[in-house]
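Chain naming here is simple, since letters A, B, ... match the order of the sequence lines and numbering starts at 1 in each.
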There are 2 protein chains.
Amino acid sequence: MSLRKPTKALPNMAEADIAIVRIAPESSFKNKAYDALKDAILKMDIYSTPEPVMLDERALSERLGVSRTPIREAIAMLEQDGFVKTVPRRGIMVVRRTKSEIVDMIRAWAALESMAARLITTTARKKDITALRDFFKDFGKDRLPEDHVEEYSRANIAFHQALISLSESPVLVDLTNDLLLHVRGYRQLTIGRKDRTATSLPEHLGIIEALEARDTELAEKRARDHTLGLAAYVEAHGQELFT
Amino acid sequence: MSLRKPTKALPNMAEADIAIVRIAPESSFKNKAYDALKDAILKMDIYSTPEPVMLDERALSERLGVSRTPIREAIAMLEQDGFVKTVPRRGIMVVRRTKSEIVDMIRAWAALESMAARLITTTARKKDITALRDFFKDFGKDRLPEDHVEEYSRANIAFHQALISLSESPVLVDLTNDLLLHVRGYRQLTIGRKDRTATSLPEHLGIIEALEARDTELAEKRARDHTLGLAAYVEAHGQELFT
DNA sequence: GGAAGGTTTTTGGCATACCACATGCCAGAA
DNA sequence: TTCTGGCATGTGGTATGCCAAAAACCTTCC
């Protein structure tokens with residue numbers, strides 16, 4: 001597949017070996033539009049207003065300086081992702097998730113993460129596991145997480161993503177990232193979590209310890225219970241968010 | 001919604017009561033094309049030939065009797081699903097999964113299904129759990145699964161889907177169905193499983209028993225181990241498939 | 001005979017025009 | 001004043017046509 005005629009194209013091809021970096025494929029407008037729209041949707045605060053946020057193909061095509069065609073293809077992709085929903089002759093609306101949908105997603109996340117923990121205990125290098133502690137090195141008795149919620153929240157997300165990555169399972173990584181993108185829209189998941197941060201840090205460390213000890217069952221259980229705890233928290237305290 | 005002003009519009013409106021049936025919404029070509037292509041892709045045996053299967057926009061638009069635009073939008077959606085990959089100026093190819101990708105997907109499936117089992121022990125009705133046995137009522141000592149692999153395989157898939165559905169978690173259901181669609185392409189997962197069917201049935205029954213007993217931990221474990229067993233099986237015996 | 005180089009063909013990317021339908025406004029009738 | 005039918009307008013859906021780049025083909029010259 002790579003080369004059609006490998007017969008005698010080698011001798012004077014030494015130049016081909018020097019740092020030729022495969023020129024930028026120059027992504028298509030479709031993909032650029034997809035990235036731009038996805039980014040914009042994730043940034044906007046969909047839940048601040050009661051009316052659904054609507055998108056307009058023509059307006060978007062003008063703003064992005066391309067025709068409607070690539071915009072529409074990008075919209076079709078976003079719809080597959082579940083970020084928007086287009087209704088014929090009505091408009092394209094940014095999807096608003098209900099509380100139970102968010103809780104549901106967090107549960108799925110818990111499932112995937114606990115499987116990641118399980119895999120990690122059998123394959124990851126000790127060094128990489130220990131490195132997970134670094135995400136929280138700025139927090140401790142003298143600098144409590146609950147006093148730096150924003151910062152801790154970022155470390156929290158980074159930790160979870162790093163954890164999943166250690167599983168070296170592309171499927172787990174991708175699925176989890178998708179779920180996180182949806183869940184993340186809820187600012188209150190971060191802010192309101194203030195009273196959860198206190199218990200969060202010890203739980204994280206507990207997960208790391210179990211991983212280091214190669215205790216498969218325990219690591220799996222701790223990872224699961226930790227995230228299920230978040231789900232339960234949202235289910236109990238996330239009321240005000242969802243009108 | 002049905003009638004705006006019931007105040008005085010009744011007397012001579014008898015004609016409005018005659019069989020008006022709510023006209024069909026008539027899905028768009030884009031979605032029809034998506035369904036048709038997805039169906040076709042799932043049906044084709046991608047692994048029978050060494051060369052990748054290519055699709056052609058213009059040919060498809062002709063075959064389906066619509067223009068390229070809706071086809072392209074459908075392709076964009078399928079690409080999001082991971083079923084095809086379009087390379088500029090080269091073509092659209094049906095994605096072929098490697099063995100490790102399949103194994104990876106089955107592991108994620110195991111994670112989701114074990115979470116489903118966990119949820120079921122706390123929410124599902126006894127009646128619905130017991131109904132899961134029906135999928136295997138045609139098999140027993142006098143009619144061994146390994147003697148009717150095709151049929152058992154169908155029952156198997158149906159069982160797993162019904163199991164996940166009992167969790168009443170749309171996210172788990174959707175994610176699992178997506179994974180199954182990808183995994184399913186491997187006919188050998190069905191055929192080669194002949195030597196696995198023997199152990200499969202007892203394991204299924206074991207899961208059902210744990211669910212009925214509302215033993216959360218055990219149900220979760222059995223569901224997970226059962227599917228992880230399939231992953232291990234594919235990892236060990238799926239060699240011949242992937243060239 | 002074979003290879004370099006030019007030309008045609010193929011293929012996806014994009015822009016544009018037009019269509020059908022949902023809505024809202026508004027004149028005119030009741 | 002209130003209601004109704006029609007028209008203007010806006011929105012997504014679809015069809016077409018052209019373009020650039022890559023691949024295939026073909027010509028020509030050593």
| said: Are more than 12 heavy atoms, taken from residues, nucleotides or ligands other than A:E62, located less than 6.0 Å from that residue's CD atom? | reply: no
| note | Among the nucleotides C:dT16, D:dG12, C:dG12, whichever has the atom closest to the side chain of A:S67 is C:dT16
| query | Could you state the CG-C1' distance from B:D56 to C:dT10, rounded to the nearest angstrom? | reply | 9 Å
| field | Pair B:R72 + B:E57: basic N to acidic O under 4.0 Å | value | yes
| request: Would you mind reading off the distance between B:K30 atom NZ and D:dA15 atom C1', rounded to a whole angstrom? | output: 16 Å
| message | Without decimals, in angstroms, what is the distance between B:Y34 OH and D:dG13 C1'? | response | 19 Å
| Distance-only polar pair, side chains of A:H160 and A:N156, donor-acceptor under 3.5 Å | yes
| said: Nearest to the B:T69 side chain among C:dT11, D:dG12, D:dT16, which nucleotide is it? | reply: D:dT16
| query | Is the shortest side-chain N/O distance from A:R90 to OP1 or OP2 of C:dT23 below 4.0 Å? | reply | yes
| Proximal nucleotide (of C:dA15, D:dG12, C:dT11) relative to the A:E57 side chain | D:dG12
| field | Check: C:dG13 base within 3.5 Å donor-acceptor of B:R68 side chain | value | yes
| query | Within this structure, what is the CZ-to-P distance between B:R72 and D:dT16, rounded to whole angstrom? | reply | 16 Å
| note | To the nearest angstrom, the CG-C1' distance between A:L55 and D:dG10 comes to 16 Å
| said: Just to be sure I understand the rule, does B:I71 reach a base, reach only the sugar-phosphate, or reach nothing, if contact means heavy atoms closer than 4.0 Å? | reply: nothing
| In whole angstrom, what separates A:M54's CE from D:dG10's P? | 15 Å
| remark: Rounded to whole Å, the CZ-C1' distance (B:R89 to D:dA24) equals 17 Å
| field | Side-chain-base donor-acceptor pair under 3.5 Å for A:R58 and D:dG12 | value | yes
| message | Under a 3.5 Å distance rule, please check whether A:T227 uses its side chain to pair with a backbone N or O of A:R224 as donor and acceptor. | response | no
| field | Atom-pair distance (CD on A:E73; P on C:dC14), nearest Å | value | 7 Å
| field | Nucleotide nearest A:S28 when distance is taken to its side chain, options C:dC18, C:dG13, D:dA23 | value | C:dG13
| Any side-chain heavy atom of B:K30 sitting closer than 4.5 Å to one from B:V66? | no
